[in-house]
Amino acid sequence: MIDFTKIQDSIPYILQGIPVLFQVVVVAAIAGMIIGIVVAALKITKSKLLRFVGHAYTAVFRGTPLILQLAIIHFGLPQLTGYVTTGYQSAIIAFSLNSGAYISEIIRAGIQAVDRGQWEAADALGIPYMKQLRSIILPQAFKNILPAIMNELITLTKESALISTVGVLDVMRRAQVVGGEKALYFEPLLFAGFVYFVLVMGLSLIGQQVEKAMRKSG
Amino acid sequence: MEPMIQVTDLYKQFGKLEVLKGITTTVGRGEVVAVIGPSGSGKSTFLRCINLLEKPTGGTVNVAGFELTKPKANIAKARQNIGMVFQQFNLFPHKSVLDNLIYAPINVLGLSKEDAVKRAEVLLERVGLSEKRDNFPNQLSGGQKQRVAIARALAMEPNVMLFDEPTSALDPEMVNEVLDVMKQLAESGMTMVIVTHEMGFAKEVADRVLFLDEGILMEEGSPIELFDHPKTDRAKKFLEKVL
């Protein structure tokens with residue numbers, strides 16, 4: 001039967017996985033955002049070659065499983081480069097590259113959803129392209145894309161459980177360790193599920209608040 | 001009259017569709033030209049070719065002595081000199097009225113914020129919207145938006161103003177407040193090209209009227225010539241419908 005008292009003493013150990021998880025998620029989200037902006041910029045340029053590069057990047061990272069990308073970076077790449085990355089480093093690289101692909105799609109769609117008249121008005125005033133993008137288009141696009149970015153952050157938080165496969169001691173991995181020690185899997189895994197659920201709910205709540213605040217500002 | 005806009009043999013094609021078929025005309029400094037014609041006649045495209053929002057397929061466009069159609073022309077630079085007002089206003093929705101007016105003067109012309117604000121305040125006064133300076137576009141009526149849009153274009157102190165059906169998206173009771181601002185602008189000596197369906201306004205304010213049909217400049221003349229004594233059948237038929 002289910003008996004959580006049996007893992008009581010292991011709960012702090014599992015909870016210590018939260019900061020580990022967040023380190024990966026926060027760094028990957030920031031790096032993914034930067035990659036996403038750059039790749040989105042490639043996708044909307046006039047150059048066919050650059051557009052191709054942008055779309056190819058997205059296609060590759062959206063078209064293959066994240067766990068495979070992580071495995072290739074962690075286990076495969078050292079064979080080529082001779083440089084062995086820690087699980088934590090591999091996780092950051094894989095998650096950044098992967099979420100960069102998704103975020104670039106979100107940003108591209110957000111930019112293209114801004115009324116064409118905004119570009120034209122800026123063009124007619126002689127505003128240079130980069131300033132148009134930065135001051136006129138992106139602030140408007142940002143409002144459209146914020147909910148989707150929050151979603152991506154939530155996905156990232158959940159998918160971060162994959163880092164357990166490269167030996168990073170996150171919540172998931174710790175739950176498995178406890179399970180192995182006590183020969184008792186249901187309770188620690190259920191508890192880990194509860195932790196992820198609470199984190200995701202928290203993020204959703206923050207997202208809703210931010211959206212509300214943005215809507216108020218016109 | 002010193003020429004301000006010279007358009008020579010202007011062609012524009014969208015794919016296989018020929019929208020402009022060789023338009024040649026000159027607009028003098030301080031002249032007010034109304035462009036009329038049935039929908040689909042190419043009048044908006046003609047206007048948008050003057051500041052190269054549409055890239056002409058053939059022909060040349062000269063504004064204030066600068067050829068926009070020559071290869072590698074600095075079009076952004078030329079556009080600083082050509083104000084444009086759109087049917088859908090196209091104000092920047094995330095910027096206040098004042099910020100709409102000062103953004104380009106500061107970021108394109110390099111004005112100090114202080115000077116740009118001074119300039120904007122004078123213009124808002126002129127279009128009767130001083131008290132709206134801190135409002136956002138979505139808090140304005142259509143007529144107010146369009147007056148702000150005119151002020152925004154004027155904030156660049158252009159030599160030429162282009163109007164693309166500036167009152168077509170407005171409720172009828174707001175048309176006049178915009179036309180009044182334009183009339184005032186015409187009287188101040190601004191060179192203006194106006195694509196419009198407001199025949200009464202064209203008749204009253206324009207120095208010259210161009211009648212476009214199927215991408216051809218069918219007829220041009222003073223408002224009296226064109227409205228009261230049209231020469232071509234096309235113009236006659238069109239005017240019968242709209243007057």
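Being a predicted model, the structure only gives us computed values, none of them experimental. Chain identifiers are assigned alphabetically (A, B, ...) following the order of the sequence lines, protein sequences preceding nucleic acid strands; residue numbering begins at 1 within each chain.
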## Note on the structure
Whatever's closer than 4.5 Å to a heavy atom in chain A on B:K77 counts as neither
### Atom pair CD1/OH of A:I136 and B:Y103 - distance to nearest 0.5 Å
5.0 Å
### A:F194 atom CZ, neighbour heavy-atom count above 12 within 6.0 Å
no
#### Entry: Portion of A:D123 that has a non-hydrogen atom of chain B nearer than 4.5 angstrom
both
### Query
CD of A:E120 to CD of B:E54: how many Å apart, nearest 0.5 Å?
7.0 Å
### Query
At their closest point, which heavy atom of B:P93 faces which heavy atom of A:Q140, and how far apart are they?
CG-OE1, 3.2 Å
## Note on the structure
When every non-hydrogen atom of A:G126 is compared with those of B:V108, the smallest separation belongs to O-CG1, 3.6 Å
### Task
Rounded to the nearest 0.5 Å, what's the gap from CG on B:N107 to CD on A:Q132? Could you check?
11.5 Å
### Message
How about OH on A:Y129, more than 12 heavy atoms from neighbouring residues, nucleotides or ligands closer than 6.0 Å, or not?
### Response
yes
### Query
Heavy-atom distance under 4.5 Å to chain A: side chain of B:L162, backbone, both or neither?
neither
### Query
For A:A124 and B:F86, which heavy atoms make the closest approach, and how far apart are they?
CB-CZ, 4.1 Å
### B:R48 versus chain A, the contacting section by heavy-atom distance below 4.5 Å
side chain
### Task
Looking only at non-hydrogen atoms, find the nearest pair between A:G117 and B:N90 and report the distance.
O-ND2, 3.2 Å
### Task
In sequence, state the C-alpha distance, the side-chain angles, and the governing distance for B:H94 and A:K143, and then conclude on side-chain contact (heavy atoms from CB on, under 4.5 Å).
CA-CA 10 Å; B:H94 59 300; A:K143 248 181 218 180; 5.5 Å; no
#### Entry: Between CG on residue A:L125 and CD1 on residue B:I82, distance to nearest 0.5 Å
11.5 Å
### Query
Is a donor on one side and an acceptor on the other found under 3.5 Å between the side chain of B:Q80 and the backbone of A:I127?
no
